[in-house]
Every structure is written in structure tokens, then in C-alpha cells.
Amino acid sequence: MDSTKRYERLRERLGNGGLDRRQFFTLVGAAGLAYGVQMPFASRVKAQDVSEVRFDGWGGVVSEAFRDKAFDPYTDKTGVTVVDGTFGSGDEYLARVQASQEGEYNIAHLSGVFDYARYYNLGYASNLNRANIPNLDLVIPKLVDVYSAVSGDELSCVPFDYGTTGIAYNRKYISDEEAKEKGAKLLIDEAYKGKIGGWSDWRTRMWYAALQTDQDPNGATDVDAMWDAVRAHRDLVLKYWTSGAELMSLLAEEEIYVTEGWSGRIYALQEQGHDIGYIDPPNGFGWQECMFVIKGSPMAECEELLNFMLAPETSIAVAEAQNYPPALDPSKVDLGSKIPTLPAFDPSGTLSGLTFADPNYWNGNEADWSKTFGRVQKGY
Amino acid sequence: MASIEQAERRAPWILLSPALTAVGLLLLVPLVFVLVYSFWLRSAVGGIDATFSFNNWAEVLGDRFYRDILLQTIKIALITTVVCALAGYPAAYFIARVKGVNRGFLLLLLMLPFWVSYIIRTMSWINILGVSGAVNSLLQAMGIVTDPIQMLYNETTVVLGLVHYLLPFMILNIYVSLDGIDTTLEDAAHSLGATRWQAFTEVTLPLSMPGLGAGALLCFVLGAGTYITPIILGGPRDAMFANLVFDAIITQLDWPLGAALSLALLVVLGTVVVVYNRFAGLGQLAKGLG
């Protein structure tokens, strides 16, 4: 029974003489007090059910693309407002989710299957009703399968895009031939000491350390050699960058000549006219991003938003703006003229040319490696 | 009579109760939570394992890594404080001696940086000292250098960023102290044969020491607790202690260790404040903060 119905019944009893005026006001006052007490803690979350969904992503041009191409049209169509937030790293966002009330955060643009596994293991996984997301059928099957391998029949996200973290280099100082010949070892080439950059992300550092020591990034055995490679890189870098904007700035301003970089951001630099080369070395770091719905979110509204975002016209528009290929299967959807030119794009839709992180392997080493990298990064 | 005395005794507490409630709820209670967290452990998947343990404290107190970064933090904060004092004193002296509306204008200029985000102010150094920044462009245009000089991402630029951030605090504290000194004391020193320099070192400087001390305390504590500046302007080896807290909580999802690290930093900085209060008192600090 809702509050309005209760109030109407009380008023009816008052009118019929079954309740005196003092009792009536006492009960209404008590109801008001109870409502007021629970309001700050609970009703704010419930209020989102009707009119609001919170989305958190990587910010920058990616955020602008979502706002222009997805959220505003979605709001126009459904009346549901998308509250748009940003985060600097997946780790930072997970810390915020851990500190939040259930329902405070709804949808996140998460990177990598290992993040999906972490959220699942920490109990933040929701259960999407796939029937409410018919556009999921248009997605590359391999991208869905890797999530299902983690969470079984239940699915908490929809794949949205994919890309690579390859090697970006300034062609004024490093030729395409040199980059191709040296591959990942270009990042530990002493000739470029003080002109090398690197992401301050332990996974990326260890992935490239595996390549630099000729090991399988999803099954390295000589971890000590990898740490030596991370230290060698550290001693040559000018700076560890912490965001896509900083990556672009360091390369564009020629503070650094070479770094590993995110394919979409490097493409954006190339579009701006900077002569930056980009290669994915053998076993280069492939990743996929998804729209993850956090447990406690308004599921129907979230599913509707996900379906809207996966619609080809929306998904393609966002992909063209953020320069990462969409998760849509090229064999089912015409992706237009720009997307086939994006780095990491796989026209076959099989993604057989990309190496993705094995979530079990990487999450199994997370506690140890993230802590050790925190020390190595600072000179130890 | 007794009831009047009781009411008088209660009055300050009643007046203080909103502030005490705020401090209790917003500072002491969270601090207790942090303390409790520091005795828990990180679970295997990054959650909290609420098992009582001294492991985090044993690690923080026994691991040389944390001690070294703490010493580096103290070193950077001390250098920053000294530079702020040396650069801030002449500016504060000048403002204190200026008369009329000019003084108000100068104080307004001093406040202007606070209108811009600290992060933006810190990042502005990239446009000044970067390879393509203003200084290198000027040096190259003047033919002084052919290739740009690498000036960014080292300990010097971290100190520079901190000085940029903290200098107004130092100047304000010294200014407040200088403003309260009777200028006729310097005239009296001159009439007794002191040179201008002697009058300054024997009269003005000693009387302004409380302001200088308060400014130094603020610069040291705020400098030692920063983590943004080393991230933006520092290189791989220029981390400060607050960066370790950030790493533990954000990157490693080890909230219990982060809590222990936070409390360790709090104890160190709190000790500095207590020592300062023992010898100089915190009253000057309140004046400097307006």
C-alpha cells in the first residue's frame, strides 16, 4: 500500500468519526517523521528509478561523444536523464563504488575482462535481462563469450568497444622500420633515455615487460625478468602518464618520443596532424570495454539505455567520435567508412588477431603485482 | 545563585556545541573508522577482511620503503618551506609598508591564485617549462639554445609547484605579523644609532617571527600532505608519502594499509604541530588565516 492510499484511508476514518482529530494528526505527523528520517538514506536512490540513471566513463572526448551521440538522444526519447560522471582509472572507480551506497552508481564504462571479473568477485554484478537488449544480438559473439566465461549464465554488462594498447612513436625521431624491428623493446632502448613515457598502470607495465622478455603475457614464468624489464623502463622514462589527455599532451608537445598508448587516443593525435606512428607488436595488448551495470541499479532503465547505446546508429556515432571500433559485428552491421580505418579494427569480426588479458591469470597476480609495481615505480 | 553559575558554565558549551558536533562527526568519527580499518586486512579480491591484525602497522613501521619515502617527503616539504620563507618575507614586508588603496590591491593580487583550481595552477607549469613551453620558446627565439632544455618532471619542479601553491599562505602570515608591529619601534632604533639593516634584524625580524613560524608550519604541513603536485610535475622517483596512501587505496584497493599509512602521516605532521604549539602557540596561525 502506498503512502497516498494510507493517507486517504486515515482521512476517511476521520470523516466517519472513527478517528479523532488529535489521533489523525499524530499518525500523519509520525508518518511524516518516518518519511523524513528514511529520506536521506533511501529515497534518493529510489528516486533514480523513475527519472535518472548514472553513467561513469573515461571523460574527455569519449565523454563528449557519449553525451552528444547517446545520452541526449536517449533522454529525448525516454525522458530518463543520464547523469554523466568520469573517472581517471578503473581502480579509482572501483574504490569509489566500494565507498558508495548500493544504487548510487549504475553504469560504468569498464575496461578489460579482468575488471568485469573483479566486480563479479566483489559482489557488484547485476543480472541483465538479455530479452530487453535485443541489440546485443548484433555484437561480436567472442566479446560476449569472454564475459560469460566469468559469470556463467548471468551477464552484467554489454560489450561496447575494443582497442589496443600499442606502441606510439614520433616519426620525426623514430622510423616505422625501427619501431617495427624493435617492437616492445623500443620502450627500453637506452638511445631514447628521457624521451620515453609509460602508463602508470601495473598491468600494462607487466604486459609489456612480458613482451620485452619474450614471454607469453598471459602465462609468463620468469617474473623476476619481467620486474627487471619494468625497472629498466622506469630508469629510462621521463614520466609515467596517468590519463589519456596527459598521454596526448606528452606526445604532441614532444616531451617524449615513444610510449605505449591507447589506439583511439593515438588516432586522435594523428587526426590532429601530429606525425605519430602506431604499431601493435606481436602479442600486443588487446582489450575490450563494456557497459557494466552495477548491482542495485534500476535494471529496466539501464537495460533500455544499453539497448539504445548498442543501436547501430548510436554505437557507430560514438565509435567515430572516440576512435575505438564498436563491439558490433561487421558481418551483421554496415559500420560505415571511418571505422574500418581505425587502429585495432578487425573486419572479420573474429578478433583472432588480438591478444586479450586472461582475467584469471591477471586477477590472480593483482594483489602482489600492483603492490610491487607501486614500489618499483618509485625507484625500488 | 547556583543555577546562574551553572547556566554560565553551560553557556560556552552550548555555544560551542554546533562546532563540537561538526568536528566530532566530520573529523573524529571518520578518524576512528580509519583507525579501525588500519587493523583489518585486504581480502584476496580487494575487499575488506575484518580480522584484527597488526600486519599493516608492522609493515608501515618496519619497512624501509615507507621510511625512505617519508624522509623524502619531509625533505621536499622543508625545502619548499625555506623557499617560501625566503621569497615570501620580502613580499610581505613590501605589502605591510605600502599605504592606502595600494595595499588592498596587492592583497587582492595575493588572493587571485585561489580563484583558480590548484590543479590548473600546477599544470600551468607545463606550458611554461615544457619542451614547447614559454621559457624554451623564448630561449630558442633569442638564440641562447638550439635544442629545448628538459626542465620538467623532477624534484625541482615538484618544489616549484609546491612553492607556487603555498607562497600566498606564507606571505599572508608574515604580513599579518608585520602589520601588527609598531613602525615607530624602527624609528626609535634609528634614533639610537642603528642602521636600517640593524633595525630590521634586531627589531622587526624578531617581532615578526610568530608570523614566519605560522607560515612555515602551514607550508610544511600542507606541502608534506600533497600528492597532486608530484603526480603532475614529478618524475618516477619524486613520489611523496601521500602518493603511497593514494596507491594503497586506489590502485591496490588495500584500504587497511592505506588507513595505516594515513595515520602514520597524520602522527608525523601532528607531532610537528604539537611541537610548534608548545614553543610558539597556534594563536598566530588563526590570525594568518584571517
Side-chain angles (χ1 to χ4, degrees), chain A residues 87-99 117-124 194-198 200-203 230-231 233-243 245-246 249-250 252-257 363-364 366-380, chain B residues 30 33 37 41-48 59 63-66 68-69 72-73 119 123 126-127 129-133 136-137 147-154 157 227-228 230-241 243-255 257-258 261:
Chain A
F87 51 79
S89 76
D91 295 328
E92 174 209 318
Y93 183 69
L94 180 51
R96 278 160 53 180
V97 171
Q98 283 188 304
R118 282 206 295 173
Y119 278 71
Y120 180 78
N121 290 333
L122 284 165
Y124 295 124
K195 286 296 178 185
I196 298 172
S200 62
D201 168 64
W202 65 269
R203 295 180 197 87
V230 173
R231 287 190 180 91
H233 174 259
R234 174 204 65 201
D235 292 340
L236 299 174
V237 298
L238 173 69
K239 189 179 193 324
Y240 287 115
W241 47 268
T242 56
S243 68
E246 194 178 14
S249 168
L250 286 168
E253 300 293 323
E254 297 190 9
E255 293 281 356
I256 57 173
Y257 299 157
N363 286 335
E366 182 212 349
D368 181 22
W369 289 1
S370 65
K371 191 167 185 172
T372 306
F373 176 64
R375 289 166 181 250
V376 172
Q377 180 187 24
K378 293 170 185 65
Y380 287 78
Chain B
F33 276 112
Y37 262 88
L41 295 169
R42 179 196 193 272
S43 74
V45 293
I48 302 295
E59 185 176 340
D63 194 326
R64 192 182 156 191
F65 170 68
Y66 298 114
D68 287 353
I69 300 283
Q72 176 165 301
T73 301
I119 294 175
M123 294 192 80
I126 295 171
N127 292 322
L129 298 178
V131 168
S132 311
N136 268 316
S137 300
D147 294 324
I149 304 168
Q150 184 63 54
M151 289 181 272
L152 279 173
Y153 311 121
N154 50 53
T157 46
Y227 76 98
I228 291 286
I231 288 177
I232 296 175
L233 296 177
R237 293 171 191 267
D238 301 315
M240 294 174 72
F241 203 80
N243 295 110
L244 302 183
V245 179
F246 181 87
D247 284 355
I249 291 176
I250 301 298
T251 308
Q252 298 153 19
L253 291 176
D254 195 342
W255 290 22
L257 178 63
L261 288 167

Inset, instruction - Look at Leu257(B), Asp247(B), Thr251(B) and state which one has the largest set of heavy-atom pairs under 4.5 Å with chain A. - result: Thr251(B)
Legend entry - Segment of Trp241(A) engaging chain B (4.5 angstrom heavy-atom cut-off): neither
Legend entry - Toward chain A, the part of Asn154(B) with a non-hydrogen atom under 4.5 Å: neither
Legend entry - Asn363(A), part contacting chain B, at a heavy-atom distance under 4.5 Å: neither
Legend entry - Ring-face cation of Arg375(A) near Tyr66(B) (centre distance under 6.0 Å, axis angle within 45°): yes
Inset, instruction - Measure the acute angle between the ring planes of Tyr93(A) and Tyr119(A), then classify it against the limits of 30° and 60° as parallel, tilted or perpendicular. - result: parallel
Inset, instruction - Please state whether the side chain, the backbone, both or neither of Asp63(B) comes within less than 4.5 Å of a heavy atom of chain A. - result: side chain
Legend entry - Thr157(B) side, atom OG1; Leu129(B) side, atom CG - distance, nearest 0.5 Å: 7.5 Å
Legend entry - Leu250(A) versus chain B, the contacting section by heavy-atom distance below 4.5 Å: side chain
Inset, instruction - Report the distance from atom CG of Leu152(B) to atom CG of Leu238(A), rounding to the nearest 0.5 Å. - result: 8.0 Å
Legend entry - Largest heavy-atom contact set with chain B, pairs under 4.5 Å, which of Gln98(A), Glu254(A), Glu246(A), Arg118(A): Gln98(A)
Legend entry - Side chains of Gln252(B) and Glu366(A), donor plus acceptor under 3.5 Å: no
Inset, instruction - State whether the number of non-hydrogen atoms from other residues, nucleotides or ligands found under 6.0 Å of Phe65(B) atom CZ is greater than 12. - result: yes
